[in-house]
Amino acid sequence: MISARLSGCAAALCLTVAVAGGPSVARAADAAWSAPACGKEPVAPAVDSSSVAKYNASVDAVTAYEKAARTYNACVSSAAARDESAISAEAKARIGQVHQTSVALQQRIAGHFAKLTADLKAGAARFSHP
């Protein structure tokens, strides 16, 4: 009974860490961005295997942590997706502005070159008569 509960908890924790990208990825992201609406990150419990009763209590604590961590992770993931979408939309709008300005400038310069070329040809034609 104890080993079946342990296996289930261990497998669930491995899956949670693998899905989240591992603890180092989460800590690196926390330094630059946070999701305050999600509350505080659940604290992982310590496992106490000094007695069967303490071990069983640890399994229960790990199970509770897993549930809280999954909920927190889902909240953080949703908040990140919203923020990423907003940033992407802002960047796309800014890129559009830069592109439009650049195209207008290039067209203006091309128009100047076309006019200057025509003016030079007209001047050369005027002076090329013997």
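- Every side chain to side chain contact (heavy atoms under 4.5 Å, CB included) that Val98 has, sequence neighbours left out, goes to Arg94.
- Shown here for Ser49 and Tyr55, the closest heavy-atom pair between the two residues is CB-CD1, 4.0 Å.
- The other residues sharing a hydrophobic cluster with Phe113 are Leu105, Ile109, where clustering joins ILVMFWY side chains under 4.5 Å apart.
- Listed by first and then second residue, the side chain to side chain donor-acceptor pair (under 3.5 Å) pairs involving residues 76-93 are Trp33-Asp83 (not counting sequence neighbours).
- A pairwise comparison of heavy atoms in Ala35 and Val76 identifies CB-CG2, 4.3 Å as the closest pair.
- Among pairs with a residue in residues 58-96, those fulfilling disulfide bond (SG atoms under 2.5 Å apart) read Cys38-Cys75, at least two apart in sequence or across chains.
- Listed by chain and residue number, Asp48 satisfy the side-chain hydrogen bond (donor to acceptor under 3.5 Å, both in side chains) test with Ser50 (two or more places apart in sequence, or in another chain).
- Residues satisfying the side-chain hydrogen bond (donor to acceptor under 3.5 Å, both in side chains) criterion with Gln106, sequence neighbours excluded, are Ser102.
- Residue pairs meeting the side chain to side chain donor-acceptor pair (under 3.5 Å) criterion with at least one partner in residues 108-118, sequence neighbours excluded, are Lys115-Asp119.
- Here the closest non-hydrogen pair linking Tyr65 and Pro42 is CE1-O, 3.5 Å.
- Here the CG atom belonging to Asn73 is positioned 11.5 Å from the CD atom belonging to Glu66, to the nearest 0.5 angstrom.
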